[in-house]
Structures are given as structure tokens and as C-alpha cells.
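Report on the structure given below.
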Amino acid sequence: MNFSFSTNKLPQEFYSRHVTDVAKDLLGKVLCRTVSGQILSGKIVEVEAYSKDGDEASHSFKEKNKRNSIMFEGGGILYVYLIYGIHFCMNIVTGDKNSGCAVLVRAVEPLTNIDIMMKNRFGEALPNDKSLAHATNGPAKLCKAFNVDLAQNGISLLSSEIYLTEGFEVSEDEIGNSKRVGISKSKELDWRFYLKGNRFVSK
DNA sequence: ACAATGATTGGCT
DNA sequence: GCCAATCATTGTC
């Protein structure tokens, strides 16, 4: 396949940095997910950073427990959790071991095997124009489209099952920055980053 | 032990 | 705009 973007896999060093730096740099990168030999992929267009330090909205703000333990395992792995009893959200763990930092992936723009994603989301592959726009424009929506659940919690982003590639160049003036969505504590932090004008951004 | 809450979504008014 | 779905975790009695 001939892609118009870089398919070089991001190295461990990318993830070992400060969480807000990684969050911003994740915009334009391509999330790849192998399912039954097929590679589902999407360009990351919206993220949020969470940290154990001074961020009461983060799962890691509390002591390490069964749910959040993956956040303490160091950068370069995936943290998946169940929310509202019915949905899953995926996060990219950053920093060193015990840093308790992760980036929530809130929205992606579908790139390859869109028909499989549509089937994962809606049970049918027909790429209706309206449904495509709502396929991956939310954290739990994209998990469903990419067939990600607790079975992927803690897996390495250097694996072939899930990984990120360099993807698209993003310049500073394309990036928007705001408060995070749907939280009640530490509301003041401007730790949401998104690509301005991209139609797959959730808000 | 029991009640409330949540990094959400989808259906209905 | 309102609200139910559904469960791990947390708060209260």
C-alpha cells in the first residue's frame, strides 16, 4: 500500500517524555490496530493529558489500585478502562515508571479499513456519509471502532497488535488547546489538545 | 451493606 | 435538553 504519510513506528523515547508534550505531539500521529491480519488505522485529532501530580481528575491521583495500575508501568503501553459500566476508553501511558501519567485518545480520523470500523461500530459496513462522521469522534466510540477493550489493557505500543506511526506533520498554529471534557475536579487545567477545524474532533 | 459517582453514548422529547 | 444503560470504585451509615 502506498501511503501519503510516514509509517515509521514511534519509538519508546517518544512516550517517555512529559505527558503534556506527548499529548500535543500525538496530534497527527496514526493509531494502528491489527485485527485478524487487517490493519485498522486513524489519524489522532483530539487528546487529553492526565497526571498523578496535581490533577484530581486523573485515575492515578489516588493510590495505585486494580484499575489504574497500568498507569504506573511507564510510557509506551496502553491503558484501557471501563467507564459508565458500558464503554471503554483508551489512553497512552507516558513518562517513566511510577509517573502515573497518560493521554486519553478522544478522537481519530479513520484512514484504512474504514469498512471494518463501521462494522465494529454499527454492525454494518455501509459507509453512509452521516455515520462515518460519528464513527470515531469520541473516546468510547473509537475504542469500539478499533475493537479495543480490557483485553488490550497494558499491551505494548511497540507491539504489532497496537502501535503508532509518525503519520502527518502538524504545525503549531493548527493546534487548539482548551479545558478537558466531562470532569468535575481540576477543571482549570488546559490539557485538551485538538486539530482545529478537523471534522472528527468531538467538540 | 447500601448509595452515589463517573475522562460516555445514544435515544427520546 | 433530559435521561437511562451498567459496573468498578468510593463515600456514608
Side-chain angles (χ1 to χ4, degrees), chain A residues 15 18-27 29 31 42 44-73 75 77-95 99-110 117-124 126-154 157 162 176-195 199-203:
Chain A
Y15 303 103
H18 190 271
V19 65
T20 52
D21 291 336
V22 177
K24 212 163 95 167
D25 290 348
L26 279 171
L27 297 174
K29 301 292 185 287
L31 172 68
I44 296 177
V45 299
E46 181 185 353
V47 296
E48 284 176 0
Y50 288 87
S51 169
K52 107 172 130 59
D53 300 313
D55 176 11
E56 292 188 67
S58 175
H59 291 172
S60 57
F61 188 76
K62 298 166 188 141
E63 288 303 294
K64 193 162 148 178
N65 58 37
K66 189 164 183 182
R67 180 175 69 160
N68 70 17
S69 67
I70 293 299
M71 287 185 78
F72 295 86
E73 293 304 308
I77 58 177
L78 198 71
Y79 167 49
V80 184
Y81 64 90
L82 173 68
I83 188 167
Y84 296 105
I86 42 183
H87 302 298
F88 297 101
C89 292
M90 75 165 96
N91 299 253
I92 288 157
V93 180
T94 72
S99 69
C101 292
V103 179
L104 172 68
V105 183
R106 287 195 57 89
V108 304
E109 174 179 340
M117 293 189 214
M118 298 301 284
K119 200 162 185 185
N120 290 342
R121 269 279 283 150
F122 306 114
E124 49 182 297
L126 76 102
N128 161 349
D129 210 37
K130 215 182 293 176
S131 58
L132 176 64
H134 296 121
T136 56
N137 65 339
K141 295 178 185 178
L142 71 91
C143 277
K144 191 152 190 221
F146 279 73
N147 198 29
V148 167
D149 59 26
L150 292 182
Q152 281 72 47
N153 189 28
L157 293 169
I162 294 194
N177 178 223
S178 77
K179 303 195 182 331
R180 295 173 296 180
V181 175
I183 54 171
S184 57
K185 299 172 195 165
S186 295
K187 283 180 173 175
E188 71 284 358
L189 299 173
D190 291 324
W191 282 3
R192 172 173 173 261
F193 302 93
Y194 58 95
L195 290 181
R199 75 186 186 113
F200 293 93
V201 170
S202 72
K203 294 199 170 177

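Owing to the predicted nature of the structure, the values given are computational and were not obtained by experimental measurement. Chain naming here is simple, since letters A, B, ... match the order of the sequence lines and numbering starts at 1 in each.
- Atom-to-atom, NZ of A:Lys66 to C1' of C:dC7 comes out at 13 Å; the value is rounded to the nearest Å.
- Using modelled atom types, one side-chain atom of A:Asn153 and one backbone atom of A:Val80 make a donor-acceptor pair closer than 3.5 Å.
- The interatomic distance linking A:Ile70 (CD1) with B:dA7 (P) rounds to 19 Å, in whole Å.
- Taking atom P on both nucleotides, B:dT5 is separated from C:dC13 by 13 Å, rounded to a whole Å.
- Only the P atoms considered, C:dC3 is 16 Å distant from B:dA4, to the nearest whole Å.
- Distances shorter than 4.0 Å separate some side-chain N or O of A:Arg106 from OP1 or OP2 on B:dT8.
- Side chain of A:Ser99 to main chain of A:Thr94: a donor-acceptor pair is present (N/O by atom type, distance under 3.5 Å, no hydrogens or angles).
- Between the CZ atom of A:Arg67 and the P atom of B:dG6 there is a distance of 11 Å, rounded to whole Å.
- Exactly one residue among A:Leu31, A:Ile92, A:Val93 makes a side-chain contact (heavy atoms from CB on, under 4.5 Å) with A:Leu157. That residue is A:Ile92.
- C:dA8 atom C1' lies 18 Å from atom CD of A:Glu63, rounded to whole Å.
- Among the candidates A:Ile44, A:Val45, A:Leu142, the single residue satisfying the side-chain contact (heavy atoms from CB on, under 4.5 Å) test with A:Phe200 is A:Val45.
- Using a 4.0 Å heavy-atom distance criterion, A:Leu104 is classed as a base contact.
- Against DNA chain C, the stretch residues 133-145 of chain A makes no heavy-atom approach under 4.0 Å.
- Between the P atom of B:dT9 and the CG atom of A:Leu82 lies a distance of 13 Å, rounded to the nearest Å.
- When heavy atoms are screened at a 4.0 angstrom cut-off, A:Ile86 is found touching base atoms of the nucleic acid.
- For A:Ser184, a side-chain nitrogen or oxygen approaches OP1 or OP2 of B:dG6 to under 4.0 Å.
- Between the A:Asn68 side chain and the A:His59 main chain, a donor and an acceptor come within less than 3.5 Å of each other.
- Of the C1' atoms belonging to B:dG10 and C:dA8, the separation is 22 Å, rounded to the nearest Å.
- Between the side chain of A:Asp149 and the backbone N or O of A:Phe88 there is no donor-acceptor pair closer than 3.5 Å.
- Counting non-hydrogen atoms under 4.0 angstrom, A:Arg180 reaches nothing in the nucleic acid.
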Verify side-chain contact (heavy atoms from CB on, under 4.5 Å) between A:Arg192 and A:Val201, making sure each step is shown before the conclusion. CA-CA 11 Å; A:Arg192 172 173 173 261; A:Val201 170; 3.5 Å; yes
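- Residue-nucleotide stacking is not present for A:Tyr81 and B:dA7, judged by a side-chain ring centre under 5.5 Å from the six-membered base ring centre and planes under 30° apart.
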Which dot-bracket string describes DNA chain C (Watson-Crick N1-N3 plus N6-O4 or O6-N4, or G-U N1-O2 and O6-N3, all under 3.5 Å; [ ] crossing; | other strand)? |||||.||||||.
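- Residue pairs meeting the side-chain hydrogen bond (donor to acceptor under 3.5 Å, both in side chains) criterion with at least one member in residues 136-147 of chain A, sequence neighbours excluded: A:Asn137-A:Lys141.
- A donor-acceptor pair is defined here as one N or O able to donate and one able to accept, closer than 3.5 Å; such a pair exists between the side chain of A:Glu46 and the backbone of A:Ser202.
- Between A:Asn65 and C:dT10 there is a side-chain polar atom (N or O) within less than 4.0 angstrom of OP1 or OP2.
- Across all strands, A:Asn91 comes closer than 4.0 Å to base atoms (heavy-atom distances).
- Separating the NZ atom of A:Lys62 from the C1' atom of B:dT5 is a distance of 9 Å, rounded to the nearest angstrom.
- Nucleic acid contact for A:Arg121: sugar-phosphate only, since backbone atoms but no base atoms lie under 4.0 Å from a heavy atom of the residue.
- Note: CD (A:Glu56) to C1' (B:dA7) measures 14 Å, nearest angstrom.
- Summarising the geometry, the separation between CG on A:Asp149 and P on C:dT6 is reported as 17 Å, rounded to the nearest angstrom.
- None of A:Lys24, A:Arg106, A:Arg180 except one satisfies the salt bridge (charged side-chain N to carboxylate O under 4.0 Å, His left out) rule with A:Glu48; the exception is A:Arg106.
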